[in-house]
Amino acid sequence: MVRAVHQLNLRQEQVRSVLPVVLLGCGGVGRHLLRHIVACRPLHANQGVAIRVVGVADSSSLLVADDFHSSGLDDALLTDLCTAKSSGAPLSSMLARGQCQLFSNPEARRKVIDTASVLGKTTGLVLVDCSATYDTVGMLKDAVDSGCCVVLANKKPLTCAYEDFQKLVSNFRRIRFESTVGAGLPVIASVTRIIASGDPVSRIVGSLSGTLGYVMSELEDGKRFSEVVKTAKSLGFTEPDPRDDLSGIDVARKALILARLLGQQISMENINVESLYPSELGPDAMSTKDFLEVGLVQLDKSIEERVRAASLKGNVLRYVCKIESTGCQVGLQELPKNSALGRLRGSDNVVEIYSRCYESAPLVIQGAGAGNDTTAAGVLADIVDLQDLFQRRA
């Protein structure tokens, strides 16, 4: 018993940084993040870091530790919470475990803000947004005002009003949002490091949709567009309604974040976005079922013609974003087969960054740019990256 207590005290003494976390969003990314946090306890302990999850919120409620000042939700509860949410159970199903409280909206939102206010002035807090809604913007801004840190996988808070973007990134030391663009790929970090070095970024070109990257590369083999999209859906690459991917809006949000990072004071309305389907095949005109059964095939001929035209020139079609000083465009482009983007296969993301130092040979970042597991790993890395701000005073 004495030896066990000694080992516990030793581990506590070795912890240099304790990071209290409130998680917003219990979807695929949020649940993977909680599992990563639990699985990485030994690794983080060796690094002198302890991540204490003090609260978890979904779209309707907040589960928070009874004594969030000094303790968090234990790992067994977090593991069971992930299992429960995966099966569709509410957060209230965890109340029987004890040592926690449940707050429902709108009280839950107030409790998040209150928790941020209290911990922001004492131990500090990392508010992590893994949701997919604009509704968290107010809470995030209040957290920033309270001196809390913010980590985002949710792109929407950074793509609404420019004033909100400015507010969230006003203290760059306390915000991380690597996973909003390219999941776990170091795109944001690379751009910010280049800018910090005084090397002006002149252009960014990227394939930032794993879904559309897969679709475009499969078309090179002569497959029909409708067949490829249906296959992508069956593989889980697309949203339940593939038009959410084919509209290009998600790519446009990522492009907007990068453009704003470069200092461009623009909004979504300023981005020229090419949708891969016309409005008459849109959600307001037909159901998802009808689009898959009747609408998709209507796009085959036009897409096939564009693929063939590109091929005759020795090029391939890619759905890319291009960010330059003159503006931001998102849509289909013909690119050389031997370029980094032209060689892209499968669902990987590729980003080319051009600057004074990388003008003739751009900095190329490539890898898995989608998936709950990959995105959650990127979020966890962002949380750990804030550890210096939570170091205990001797």
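Along the sequence shown, the residues carry numbers beginning at 1.
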For Ile204 and Lys322: C-alpha separation, side-chain torsions, deciding distance, then whether side-chain contact (heavy atoms from CB on, under 4.5 Å) applies. CA-CA 6 Å; Ile204 298 176; Lys322 181 183 288 187; over 6 Å; no
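- At distances below 3.5 Å, at least one donor-acceptor pair connects side-chain atoms of Glu178 with backbone N or O atoms of Ala189.
- For the pair Arg318 and Glu334, the salt-bridge criterion is not met [side-chain N within less than 4.0 Å of a carboxylate O].
- No more than 12 heavy atoms of other residues, nucleotides or ligands shown are found within 6.0 angstrom of CZ on Arg193.
- Electrostatic pairing of Arg110 and Asp114 does not count as a salt bridge here, judged by no charged N lying under 4.0 Å from a carboxylate O.
- Judged by distance alone, with hydrogens and angles left aside, the side-chain atoms of Arg176 form no donor-acceptor pair with the main-chain N or O of Val379 at under 3.5 Å.
- Using a 4.0 Å cut-off between a side-chain N of Lys or Arg and a carboxylate O of Asp or Glu, Arg345 and Asp221 qualify as a salt bridge.
- Across all their heavy atoms, Ser92 and Leu102 have their closest contact at CB-CD2, 3.5 Å.
- Remark: side-chain polar atoms of Thr374 are not paired, donor with acceptor, to backbone N or O of Gly371 under 3.5 angstrom.
- Atom CG of Leu219 and atom CZ of Arg224 lie 11.5 Å apart (nearest 0.5 Å).
- Evaluation of the ring pair (Phe, Tyr, Trp, His ring centres under 6.0 Å) rule for Tyr162 yields Phe165 as partners, not counting sequence neighbours.
- The closest side-chain donor-acceptor pair between Asn349 and Ser207, if any, does not fall under 3.5 angstrom.
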Please evaluate residues Asp58 and Leu24 with respect to the criterion side-chain contact (heavy atoms from CB on, under 4.5 Å), reporting the C-alpha separation (whole Å), side-chain torsions for both, the decisive distance (0.1 Å), and the verdict. CA-CA 6 Å; Asp58 60 14; Leu24 306 178; over 6 Å; no
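- Heavy-atom minimum distance, Val251 versus Cys321: CG1-CB, 4.1 Å.
- Placement of Leu158 and Val150 within a single hydrophobic cluster is found when ILVMFWY residues are connected by side-chain heavy-atom separations under 4.5 Å, directly or transitively.
- A donor-acceptor contact closer than 3.5 angstrom is absent between the side chains of Ser247 and Asp244.
- The CZ atom of Arg35 sits 8.5 Å away from atom OG1 of Thr79, with the distance rounded to the nearest 0.5 Å.
- Considering CZ of Arg343 and CG of Leu335, their distance stands at 11.5 Å, rounded to 0.5 Å.
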Start with the C-alpha gap between Val53 and Ile37, add the side-chain angles, then the distance that decides, and say whether side-chain contact (heavy atoms from CB on, under 4.5 Å) holds. CA-CA 9 Å; Val53 181; Ile37 289 173; 4.0 Å; yes
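- Scanning all heavy atoms of the two residues, the minimum distance from Leu119 to Pro20 falls at CD1-CB, 4.3 Å.
- Looking at Ser197 and Asp199, their side chains never bring a donor and an acceptor atom within 3.5 Å of each other.
- With salt bridges taken as basic N to acidic carboxylate O contacts below 4.0 Å, one links Asp145 and Lys167.
- Taken from CG in Leu292 to OG1 in Thr238, the straight-line distance is 8.0 Å, to the nearest 0.5 Å.
- To the nearest 0.5 Å, atom CZ of residue Phe177 and atom CG of residue Asp129 are 13.5 Å apart.
- Residue Leu63 comes nearest to Leu73 through the heavy atom pair O-CD1, 4.1 Å, listed as atom of the first residue, atom of the second, then distance.
- With hydrogens and angles left out, the side-chain atoms of Arg52 and Ser71 include no donor and acceptor closer than 3.5 Å.
- At a threshold of 4.5 Å between side-chain heavy atoms, the hydrophobic network of Ile, Leu, Val, Met, Phe, Trp and Tyr places Val191 and Val205 in two separate groups.
- Residue pairs meeting the side-chain hydrogen bond (donor to acceptor under 3.5 Å, both in side chains) criterion with at least one member in residues 287-304, sequence neighbours excluded, are Ser226-Asp300, Asp241-Thr288, Ser287-Asp290, Lys289-Glu293, Glu304-Arg308.
- Put simply, CG on Leu34 and CG on Leu23 are 5.0 Å apart, with the number rounded to the nearest 0.5 Å.
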